[in-house]
**Q** 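Got a structure for you, written out below as structure tokens; questions coming shortly.
Keep in mind it's a predicted model, so treat the numbers as computed, not measured.
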Amino acid sequence: MRFFEFPVRKTDIPEEGQLQFIEAERQVPFPVRRVYYSTGVRAGYVRGKHAHRSLEQALVCVHGSVRVALDTGIEKMTCILDNPARGLYVGPMLWHTMTWIQDDSVLLVLASDYYNEADYIRSYEDFLLLAGQRGGA
Ligand code: T46
């Protein structure tokens with residue numbers, strides 16, 4: 001799994017909290033064309049369940065905690081995102097699911113391209129076939 005660490009600006013004043021920032025093509029290696037975020041999701045709910053043909057993304061849990069499972073078609077990996085200063089890279093041809101651990105966790109996503117339903121592979125069977133053709137399974 002590939003993670004990005006984001007700069008954190010913090011003072012000695014606890015009430016002030018901290019500020020994290022992400023710059024396209026600096027803290028994440030790709031140009032960012034789209035930002036989206038999921039809110040109001042209840043604990044236990046599973047989102048995702050798809051792969052992308054070419055999209056590159058960085059997933060950041062800016063509040064709460066979310067478990068992310070990645071599947072290359074051969075290898076499966078999981079991690080917990082609970083640090084707003086850390087992003088998970090999700091590149092093309094990775095089946096991914098995100099399970100909300102805490103109510104109202106906010107998952108922020110930086111994406112390399114605009115929304116395009118044609119870039120999604122939403123059937124796991126199709127994903128395994130395509131991953132096999134590309135040498136992933
Ligand atoms: C991903 C994971 C991490 C849009 O119209 N525009 C958008 O930019 C997005 C992201 C979604 N939509 C529509 C498509 C669906 O009709 O919103 C609906 C819900 O999308 P979806 O079920 O794909 O949401 P998630 O949370 O399962 O997946 C999302 C992203 O769609 C996906 O690219 O990698 O977050």
**Q** Tell me whether Val62 is reachable from Phe21 by hopping between hydrophobic residues (I, L, V, M, F, W, Y) whose side-chain heavy atoms are closer than 4.5 Å.
**A**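 Hydrophobic grouping puts Phe21 apart from Val62.
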
**Q** Side chains of Thr72 and Trp95: closer than 4.5 Å at any heavy-atom pair?
**A**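 Thr72 vs Trp95: side chains apart.
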
**Q** In the structure I gave you, are the side-chain heavy atoms of Gln27 and Pro7 within less than 4.5 Å of one another anywhere?
**A**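 With C-beta onward as the side chain, the pair touches.
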
**Q** Hey, quick one: are Val66 and Val90 part of the same hydrophobic cluster, counting side-chain heavy atoms closer than 4.5 Å, chains of contacts allowed?
**A**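 Hydrophobic grouping puts Val66 with Val90.
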
**Q** Please indicate whether Tyr37 has more than 12 foreign heavy atoms, meaning atoms of other residues, nucleotides or ligands, lying under 6.0 Å from its OH.
**A**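 No - once you tally the heavy atoms of other residues, nucleotides and ligands closer than 6.0 Å, there are 12 at most.
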
**Q** For Ser65 and Ser105, work out which heavy atoms get closest and say how close.
**A**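 Minimum heavy-atom contact is N-OG, 2.9 Å.
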
**Q** Report, one line per pair, each donor and acceptor closer than 3.5 Å where one atom sits in a side chain of residues 39-61; sequence neighbours left out.
**A**
unit_1, atom_1, unit_2, atom_2, d
His50, ND1, Gly48, O, 3.1
His50, NE2, His96, NE2, 3.2
His52, ND1, Asp119, OD2, 3.0
Arg53, NE, Ala118, O, 3.1
Ser54, OG, Asp119, OD1, 3.0
Glu56, OE2, Tyr89, OH, 2.4
Gln57, OE1, Tyr36, OH, 2.6

**Q** Membership question, hydrophobic clusters at under 4.5 Å side-chain separation (ILVMFWY): are Met93 and Met77 in the same one?
**A**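 No, Met77 and Met93 fall in different hydrophobic clusters.
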
**Q** To the nearest 0.5 Å, what is the distance between CG on Leu19 and OG1 on Thr11?
**A**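 Going from the CG atom of Leu19 to the OG1 atom of Thr11 covers 10.5 Å.
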
**Q** Once you round to the nearest 0.5 Å, how far does CE of Met98 lie from CG of Leu70?
**A**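 Rounded to the nearest 0.5 Å, the CE-CG separation comes out at 10.5 Å.
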
**Q** Can you sort out the partners of Tyr115 under side chain to side chain contact (heavy atoms under 4.5 Å, CB included), two or more places apart, ordered by chain and number?
**A**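 For Tyr115, the residues satisfying side chain to side chain contact (heavy atoms under 4.5 Å, CB included) (neighbours in sequence not counted) are Arg34, Glu117, Tyr120.
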
**Q** Distance check, rounded to the nearest 0.5 Å: Ile80 atom CD1 versus Thr99 atom OG1?
**A**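 Here the rounded value is 10.0 Å.
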
**Q** What distance do Glu75 atom CD and Met1 atom CE have between them, rounded to the nearest 0.5 Å?
**A**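 Reported value, rounded in 0.5 Å steps: 9.5 Å.
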
**Q** Any chance you could lay out the side chain to side chain contact (heavy atoms under 4.5 Å, CB included) test for Gln18 and Arg9, step after step, and finish with the verdict?
**A** CA-CA 6 Å; Gln18 50 280 326; Arg9 292 285 177 270; over 6 Å; no

**Q** Heavy atoms only: give me the nearest Phe127-Leu94 pair and the separation to one decimal.
**A**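 Closest approach of Phe127 to Leu94: CE1-N, 4.2 Å.
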
**Q** Closest approach of Lys10 and Gly17, non-hydrogen atoms and distance?
**A**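 Closest approach of Lys10 to Gly17: CG-O, 4.0 Å.
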
**Q** Measure the spacing between SG of Cys79 and CZ of Arg67 and express it to the nearest 0.5 Å.
**A**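 Between atom SG of Cys79 and atom CZ of Arg67 there are 10.0 Å.
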
**Q** Of the non-hydrogen atoms in Asn83 and Ala85, which two are nearest, and what is the gap between them?
**A**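 Heavy atoms of Asn83 and Ala85 come nearest at OD1-N, 2.8 Å.
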
**Q** Would you say that Val28 contacts Ile22 through its side chain, given a criterion of any heavy-atom pair below 4.5 Å between the two side chains?
**A**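 The answer is yes; the side chains approach within 4.5 Å.
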
**Q** Looking only at heavy atoms, what is the nearest atom pair of Gly87 and Phe6, with distance?
**A**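 Distance-wise, the nearest heavy atoms are N-CE1, 3.5 Å.
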
**Q** Identify the two heavy atoms, one from His63 and one from Asp104, that lie closest to each other, and give their separation to 0.1 Å.
**A**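 In terms of heavy atoms, the two residues are closest at CD2-O, 3.5 Å.
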
**Q** Begin from the C-alpha positions of Phe4 and Leu88 and carry the test side chain to side chain contact (heavy atoms under 4.5 Å, CB included) through to its verdict.
**A** CA-CA 6 Å; Phe4 305 122; Leu88 172 68; over 6 Å; no

